[in-house]
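Presented below is the structure to which this report refers.
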Amino acid sequence: MSVSRQLLTEMAEGLFGDLAGQDFTMAGPRVAEAGFAALLVPEDAGGFGGDWGDLFAVLRLAGLFALDAPLAEPIIAHHLLAQAGIAAPDGLVTIAAEGQRVPWGRHADAVVAVSGGVLSLYAADACAFDEGVSPAGEPRDAVRFTGGAVASAPCSADLLALGAFARVAQAAGALDAAFALTIGHVNDRVQFGKPLAKFQAVQQALAGFSEEAAAVNVAGQAAAAALDCGEAGFEIAAAKLRANLAIDAGVPVAHRLHGAIGFTMEYALNRFTRRLMGWHSEYGSDAFWAERLGAQVARMGGKGLWHEMTARSDRQIAPA
Amino acid sequence: MQIFAIHPFDPPGDVPALRARVRALIAGHEAGWPLEGRSNNWFTFDAAFSRVLGREGLLGMTWPKRYGGHERHPLERYVVMEELLAGGAPVGLHWIADRQTGPLLLRYGTENQRRKYLPGMAAGEIYACIGLSEPNAGSDLASVRTSARKTPEGWRVNGQKVWTSGAHRSHAALTLLRTEEGSQRNAGLSQLMIDLDTPGVTVRPIVDMTGTHHFNEIFFDDALIPLDALVGTEGEGWKQVTAELALERSGPERYLSSHALLVALIDAVGPDPAPAIAQLIGRLTAEMWTLRQMSMSTAAKLAAGDDPMVEAAIVKDLGNAFEQAMPRLVQAALDADLAANSDLSRLLTWVLLASPSFSLRGGTPEVLRGIIAKGLGLR
């Protein structure tokens with residue numbers, strides 16, 4: 001791990017750990033103050049100069065602590081604005097991917113949208129929101145632009161894919177957290193005269209859960225490595241789809257092994273599982289990414305799939 | 001807790017050129033290969049192609065040159081292996097010697113044993129099998145009973161091994177034996193490298209449910225095995241075997257056994273499939289891509305000297321589940337005529353039938369999940 005990434009993750013871990021269990025009114029201002037929004041903005045433009053691997057690490061920690069504050073969306077927005085050479089406005093900037101609700105839209109000072117190869121920055125007074133909430137209670141607001149953009153510029157980014165990448169990273173952390181809670185619970189909870197962890201059926205189920213958490217962590221890190229090499233549409237599609245499959249497989253196991261305790265509002269598990277249930281749908285369902293990826297692969301042909309996949313990962317190997 | 005942190009896969013040298021070389025070799029030899037054998041191809045035998053790989057320097061790649069090896073990086077070997085597997089090449093005959101027996105001899109074997117076996121293994125001419133299971137010792141390997149009694153003339157071996165893949169085509173079997181009379185469980189076990197043409201050693205076929213002969217029984221009837229056939233330390237056989245098993249769990253063969261079916265599916269449906277079929281291809285691709293990343297990361301950790309036991313077990317369990325699910329998912333999505341003569345139908349039928357074997361080699365899902373649970377702190 002690079003020194004800068006270590007500093008970044010230590011800072012994120014400290015802050016998000018402090019804010020665990022706090023709601024948006026407490027967590028939002030603290031996260032905004034910490035300046036994470038400039039994570040991907042180059043140093044010479046006043047940002048942190050981080051890469052996608054850094055972003056994965058930070059968003060994973062946000063998922064690990066069930067952070068109730070906008071983080072992924074402002075980072076992506078500031079990144080795209082910097083790339084487009086548009087000065088970022090003060091305050092909270094979020095993103096409007098096509099066909100998606102806008103996370104934290106009602107609280108935003110500006111919204112970045114990308115459509116037809118053009119990035120547009122809208123001020124809050126040009127946005128009309130139809131408010132909604134995610135299963136975790138976070139704002140998810142449908143937007144209609146009622147005024148013109150403050151600024152616009154050509155942009156080749158796939159906002160939906162970048163949002164999907166963010167959800168994979170958050171899901172990696174949330175699944176790890178749900179797994180750790182479950183391990184703790186089955187080690188402590190005694191039934192039939194012994195800890196639940198002593199039952200082979202419980203061990204087998206948890207081992208299966210760990211495999212799903214492992215798969216999402218690897219998929220997210222590999223997608224980040226691909227993004228750091230350039231175009232990563234294939235990897236992000238695969239990673240989001242794999243994350244969705246893992247959420248589908250992991251969340252029921254966490255709840256099953258917790259029994260009624262895990263179904264209460266008081267116990268922490270729901271902070272992770274309600275988010276995971278929401279992220280499963282956000283920035284592309286299983287069917288959406290499976291069809292998009294499958295259509296892409298079908299055009300490669302049978303052998304072409306392997307050739308494409310290896311050529312893409314070979315990009316990440318340092319030249320001899 | 002992060003169960004699986006990624007490790008960069010960073011082999012030296014020109015990796016695309018290495019891939020191109022393996023692909024050209026496959027293209028030059030694939031004309032005569034039977035279609036079905038292109039799946040599960042680390043159980044497909046072709047002596048001529050094994051010798052080709054030996055001549056090309058693609059076997060024993062990481063071994064010292066003085067034993068016929070090529071002193072290449074383990075991740076270069078990984079690249080060659082995944083290309084051969086994904087390309088459907090018949091690599092079964094030399095697979096065990098190259099992956100497992102050769103490296104074990106390098107680690108524990110005597111100079112004589114290395115000189116006797118390794119150059120031929122690296123040439124693709126000497127093949128090995130692994131004598132572990134017995135009629136009453138399967139997943140519970142510590143209950144092996146086949147015995148080797150030390151005498152001045154040599155080891156007197158009596159008993160029976162079973163499910164020994166490829167024994168009928170192998171020259172030698174690295175065999176786990178009870179060398180201490182009356183010892184229990186995992187104590188008192190040792191490994192002997194037994195030449196299969198030794199008098200008193202009989203190999204008999206077991207035909208599997210696909211109609212193929214790769215399983216065997218090996219009977220030992222007071223066979224006299226030279227004293228210097230002992231590999232490693234007497235009484236340390238269990239430790240040597242378990243280390244060997246842990247290292248072989250995360251290779252590309254653990255998720256690519258059904259790959260030829262995915263290739264055939266994509267080719268059969270063409271560039272513009274119906275949405276449901278595109279979704280199936282997308283899902284299989286996403287799982288394969290993730291497994292490949294997990295397998296490469298584990299290989300890189302092994303190459304760096306780490307001991308990623310939990311990760312390796314995770315790769316094998318998820319990989320086997322994937323390669324077993326693939327034929328069922330394809331069958332569910334297609335209106336498949338299993339009696340038809342198309343490539344897709346033939347491969348689907350073959351992989352459906354072969355797939356139960358994918359999770360019985362190298363540890364069942366239940367055994368692997370036990371290892372994972374223990375490694376993850378379930379008390």
Side-chain angles (χ1 to χ4, degrees), chain A residues 60 172 176 179-180 183 186-187 195 197-198 200 202-204 206-208 210-219 221-222 225 234-235 237-242 245 286-287 289-307 309-311 313-314 316-318 320, chain B residues 1-6 8-16 19 23 82-83 86-87 259 262-267 269-273 275 277-283 285-294 296-297 310-311 314 317-318 366 368-374 376-379:
Chain A
R60 180 184 166 277
D176 277 353
F179 179 74
I183 288 266
V186 301
N187 276 332
K198 292 283 186 200
Q200 212 168 34
V202 170
Q203 294 177 356
Q204 296 271 312
L206 261 171
S210 77
E211 294 174 8
E212 297 300 318
V216 180
N217 272 274
V218 171
Q221 291 168 86
F234 178 97
E235 288 85 355
K240 180 59 160 73
L241 180 50
R242 189 63 187 84
L245 295 170
D286 309 36
W289 285 114
E291 194 172 336
R292 187 192 262 203
L293 182 61
Q296 193 185 345
V297 169
R299 290 191 293 273
M300 296 172 191
K303 278 188 182 174
L305 164 60
W306 182 261
H307 293 180
M309 204 171 62
T310 50
S313 63
D314 284 349
Q316 295 160 28
I317 299 172
Chain B
M1 141 161 42
Q2 189 173 20
I3 297 152
F4 207 126
I6 208 164
F9 182 88
D10 206 359
D14 187 340
V15 174
R19 292 192 193 283
R23 288 172 193 173
E82 68 167 1
E83 285 296 331
H259 186 68
L262 179 56
V263 173
L265 172 68
I266 294 167
D267 286 339
V269 302
D272 189 21
I277 302 297
Q279 286 182 20
L280 171 64
I281 292 170
R283 178 187 168 165
T285 300
E287 293 198 51
M288 173 175 73
W289 173 80
T290 306
L291 281 160
R292 179 168 181 261
Q293 297 293 334
M294 298 176 88
M296 291 196 301
S297 178
V310 169
E311 288 99 321
I314 288 176
D317 195 30
L318 271 184
E366 288 71 25
L368 295 168
R369 289 181 173 210
I371 292 168
I372 295 164
K374 200 172 163 191
L376 291 174
L378 284 170
R379 299 192 294 259

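The sequence lines fix the lettering, A, B, ..., with proteins before strands; numbering per chain opens at 1.
The shortest side-chain heavy-atom distance between B/E83 and A/T310 falls under the 4.5 Å cut-off. For the pair A/Q316 and B/D10, the minimum side-chain heavy-atom distance is 4.5 Å or more. Counting heavy atoms from C-beta on, the side chains of A/S313 and B/R292 come closer than 4.5 Å. Residues A/N217 and B/I3 fail the side-chain proximity criterion, which asks for heavy atoms closer than 4.5 Å. Side chains of B/W289 and A/R242 form no contact here, defined as non-hydrogen atoms less than 4.5 Å apart. Annotation: side chain of A/R60 is in contact with side chain of B/Q2 (closest heavy-atom distance under 4.5 Å). Proximity of B/R369 to A/E211: side-chain heavy atoms (C-beta onward) are separated by under 4.5 Å at one or more points. Within the 4.5 Å cutoff, no side-chain heavy atoms of B/R283 are placed close to those of A/D286.
Within the 3.5 Å criterion, the main-chain N or O of B/I6 finds a donor-acceptor partner in the side chain of A/Q221.
The two residues A/A238 and B/A286 come nearest to each other via the heavy atoms O-CB, 3.5 Å. The two residues A/A207 and B/A373 come nearest to each other via the heavy atoms CB-N, 4.3 Å. Among all heavy-atom pairs drawn from A/F234 and B/T285, the shortest one is CZ-CG2, 3.6 Å. Shortest non-hydrogen contact noted between B/G282 and A/L241 is O-CD2, 3.6 Å. Across every non-hydrogen atom of B/D267 and A/G302, the tightest pair is OD1-N, 2.8 Å.
Heavy atoms closer than 4.5 Å to chain A are found nowhere in B/E311, neither backbone nor side chain. Neither the backbone nor the side chain of B/P8 comes within less than 4.5 Å of any heavy atom in chain A. Only the side chain of A/V186 comes within less than 4.5 Å of a heavy atom in chain B; its backbone stays farther off. Both the backbone and the side chain of B/T290 have a heavy atom closer than 4.5 Å to some heavy atom of chain A. For chain A, the nearby parts of B/L318 are the backbone and the side chain; heavy atoms of each come within less than 4.5 Å. For A/A239, the parts sitting under 4.5 Å from any heavy atom of chain B are the backbone and the side chain alike.
Across A/G304, A/A287, A/A311, the residue that shares the most heavy-atom pairs under 4.5 angstrom with chain B is A/A287. Chain B forms more heavy-atom pairs under 4.5 Å with one residue of A/A172, A/A215, A/A295 than with any other, namely A/A215.
One finds the CD1 atom of A/I183 at 4.0 Å from the CG atom of B/L378 (value rounded to the nearest 0.5 Å). Separating the CD atom in B/Q293 from the CD atom in A/E235 is a distance of 7.5 Å, to the nearest 0.5 Å. In this structure, OG in A/S210 is found 5.0 Å from CG in B/L376, a value given to the nearest 0.5 Å. Here the CG atom belonging to B/D317 is positioned 8.5 Å from the CD atom belonging to A/Q204, to the nearest 0.5 angstrom. Separation of atoms CH2 (A/W306) and CD1 (B/I266) is listed at 12.0 Å; rounding is to 0.5 Å.
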Review point. Between A/L305 and B/M288, does a side chain to side chain contact (heavy atoms under 4.5 Å, CB included) hold up when you go through it step by step?
Key: CA-CA 11 Å; A/L305 164 60; B/M288 173 175 73; 3.6 Å; yes

